[in-house]
Protein chains: 4
Amino acid sequence: MPAEPNGRPSPSPSFTVPESEPEKRRAILHAAVKVFAEKGYHGCRIADVAKQAGVAYGLVYHYFQNKEELLESVFAEQWTIFITSLRAISEGPGGAPEQLAGVCRFAIDVFRTAPAAVRVLLLEVARTPNAFRAGSTRQTFEDAVAIVAGIVRRGKERGEVRPDADPVVVAAGLLGALELTLTGMVVGLLGGTSEEDIERVKKGVVDLVLGGVAAR
Amino acid sequence: MPAEPNGRPSPSPSFTVPESEPEKRRAILHAAVKVFAEKGYHGCRIADVAKQAGVAYGLVYHYFQNKEELLESVFAEQWTIFITSLRAISEGPGGAPEQLAGVCRFAIDVFRTAPAAVRVLLLEVARTPNAFRAGSTRQTFEDAVAIVAGIVRRGKERGEVRPDADPVVVAAGLLGALELTLTGMVVGLLGGTSEEDIERVKKGVVDLVLGGVAAR
Amino acid sequence: MPAEPNGRPSPSPSFTVPESEPEKRRAILHAAVKVFAEKGYHGCRIADVAKQAGVAYGLVYHYFQNKEELLESVFAEQWTIFITSLRAISEGPGGAPEQLAGVCRFAIDVFRTAPAAVRVLLLEVARTPNAFRAGSTRQTFEDAVAIVAGIVRRGKERGEVRPDADPVVVAAGLLGALELTLTGMVVGLLGGTSEEDIERVKKGVVDLVLGGVAAR
Amino acid sequence: MPAEPNGRPSPSPSFTVPESEPEKRRAILHAAVKVFAEKGYHGCRIADVAKQAGVAYGLVYHYFQNKEELLESVFAEQWTIFITSLRAISEGPGGAPEQLAGVCRFAIDVFRTAPAAVRVLLLEVARTPNAFRAGSTRQTFEDAVAIVAGIVRRGKERGEVRPDADPVVVAAGLLGALELTLTGMVVGLLGGTSEEDIERVKKGVVDLVLGGVAAR
DNA sequence: GATGAATGAGGCTTCATTCAT
DNA sequence: CATGAATGAAGCCTCATTCAT
């Protein structure tokens, strides 16, 4: 978990965030997620973030070196949460089928809870051309693939997964299927975002990944 | 192949030159594919495209209204080729399993042939935030999903596909799996781009989509 | 003389500047001299220069990489003129005393003709902290010293100059004396800028350098 | 005149600590000298000064109205020392030749001792464009010229100096020669800063000012 | 058709200064 | 006295777009 060691002194009021970090820094980060999700990296202006966060323009630069670092932070944080949960699933109970289904369910549930955050991850991460695939972004993307691949590998060892499946390819495929499916929902291609629709999509993806499309 | 790709009102007065498209216009389009692929839409400047095409600055604006239209044209062209082929597959011989496998093979083969073009589609299409998903881009994306969904639907009718599969979800999932897999290759996550690697990935995706991961 | 090889095509109308250079580029350079002289490097904004030159903001960046390059160009040009004249004097007729006197007269005359340009050289060149003393600025400054030092050296060889005089020190001293004297005039410390005042100062500097202050 | 350098209204209530000046105020002043010397007035940020002084950001503003006042204070202090010494020389023993030589020696010795401080004076004082030549800076500069001019004037009365020498012009010339010579040393144009080099330069300047370059 | 000079709004970033603690 | 978070005006630079030739 983050717990950045910048020794920022807890300003006291809230204790919602343990390793307390300046309230306004958090506000900026939150605002960035939202604005970013709405307008994308290039469409989002620092001014928008500041306004959304209710802070002065310059304060953004007090906490972040520049626009890129701000957005890297957003990514890092979002992915960190996602990765942490993936890891929890992979280390939790159940066989590969259950865990993979869990991954799908989790991803889609997150989307239901915080669509903006998901949108950020989906629309920008790992697709941004070379320049941005720099630091943490790339790393965390690989982490996600690695974790899922791990689930598959162990499934093979236990005979739960087809022996000829390539773990990494399956992992990438699974995440890709999830992603485009979610994108489809974001975009409105797969129906709305009603409970029912979401449930239907969730089932569809899980079935696809586990059982494939072929009739038995 | 695209009999008459995008309905440009042939600006030339006579019919003497049938498929007449100014040589330089084509050069610009080609250049745009390359530059977009390398730097992304926002990262590339009109000047870059012009230079790459070996053409004067202003000429780009002679042939295209503005940057966005240029982008749209690039997409339209690329997608047109892709969509046309998808359609050919879907209208061709074979049942759903064969056709879906064909889609996967085709997509990956295209990538082997013209990685730059694929990269453009992958990195920009359908991920560009709302504002840009304007015209044809969105449309062609939906077309692709629709065609694949059609394959699935007909497969269900013939009993080749599990009756509870949701065609659209499956289609989105398939394309997503393809996409992230390709991205993984672009990025170097799934090994290099040797014949062997590509073959392995191709098989992996086809198996995943058709049979799922679960051991029978 | 400059004659930059950017192959700029002579725009035709005037033929005042042989190795013709875009009229507006020149306008910008002129404007920069003026604004620069008035406000100094840091006080001068690109917007001021553009306005003064009667061109659009962006055009400045069409001709110059950035602010620093613009001002380097101003320096280079001014110094080039100055250096060229110094060299002419040093290669011209007369002994060291006459030539040194010539240098003083020339410098002060230039000031009378183009005080703004002189002000630029005086107030900024060679005094600007490390960062700026970069490229040409530093070089041309050294050139000036070298040329004057050359005059002194040859004077020694011909016995016109005290045999124990250190050419470089004398050169630096001479230019320094000139400079602060001119600064004094710029600033108003040495009286106004009437013909008479200038004549008086000119004589004073020449006498100081040639004969020193000591009564014979 | 500067009996009490810069009229700071001693903020401390009692007289118990005579020349009481807060330790940190002094630290800031010292730091400012160094930072100004390194980066120049415009190139240095208040933050730099604070950091160099090992003091909190805002404290600078506790002791000085603003950046300009800080600069003025630095100058005032440095010049005060310089002016005081000049005055001591001018009021001390010896004729004009000895005193002028003394001025040169003193200036160069100071440089040897505290090059940073000298650099500040050289690179900023009296060259800052009109806007800044405001308060004390300008004044002290004029003071220096006046004192040296005084030495020359009295020399003329005693017949030690050529009767046609203009005191103010000579003074400006002398200081200018000194200045550019020192700059040359700072910049590395006149050799290094070894004892020997300094000695050579010192002699060169004294000879130039007293005897001129012409062979007798 | 073709060229590239010219335009100018928009956005990022810096940094002096203020203020609450 | 000290601290450093907060503010926001100011300026540099980019780059899509226009236009005269």
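Letters A, B, ... are given to chains in the order of the sequence lines, protein chains preceding strands, and every chain is numbered from 1. Side chains included, hydrogens not; waters and symmetry mates left out as well; all remaining heavy atoms used.
When atom types are taken as modelled, the side chain of K67(A) and the backbone of C44(A) share a donor-acceptor pair closer than 3.5 angstrom.
Y41(D) and F75(D) have their aromatic ring centers separated by at least 6.0 angstrom.
When side chains are defined from C-beta on, I46(B) counts as touching Y61(B), because their heavy atoms get closer than 4.5 Å. At least one side-chain heavy atom of L29(A) sits under 4.5 Å from a side-chain heavy atom of F64(A).
In this entry the distance linking NZ of K67(A) with C1' of dT14(E) reads 17 Å, nearest Å. One atom, CD1 of I46(D), and another, P of dC15(E), lie 11 Å apart when rounded to the nearest Å. Atom CD1 of I28(A) and atom C1' of dT7(F) are 12 Å apart (whole Å). Remark: P of dA16(E) and OH of Y61(A) are 17 Å apart, rounded to the nearest angstrom. One can place OH of Y63(B) at 9 Å from C1' of dA2(E), the figure rounded to the nearest angstrom. As a whole-Å value, the separation of Y57(C) OH from dA10(F) P is 14 Å. Atom P of nucleotide dA16(E) and atom CG of L59(D) are separated by 16 Å, given to the nearest angstrom. Protein atom CD of E68(C) is 14 Å distant from nucleotide atom C1' of dC13(F), rounded to whole Å.
Between R45(B) and G58(A), the one whose closest nucleotide on DNA chain F sits nearer the 5' end is G58(A). Residue order along DNA chain E, read from the 5' end via each residue's closest nucleotide, puts A56(B) first among A47(A) and A56(B). Checking G43(C) against V55(D), the closest nucleotide of DNA chain F that is more toward the 5' end is the one next to V55(D).
At the phosphate of dA5(F), OP1 or OP2 sits under 4.0 Å from a side-chain N or O atom of H62(A).
Considering CG of L70(B) and CD1 of I28(B), their distance stands at 8.0 Å, rounded to 0.5 Å.
Nucleotides dT21(F) and dG1(E), compared at atom P, are 22 Å apart to the nearest Å.
Pairing partner, dT21(F): dA2(E), with both Watson-Crick or wobble hydrogen-bond distances short of 3.5 Å. Remark: dT7(E) base-pairs with dA16(F); criterion is Watson-Crick or G-U wobble with both hydrogen-bond distances under 3.5 Å.
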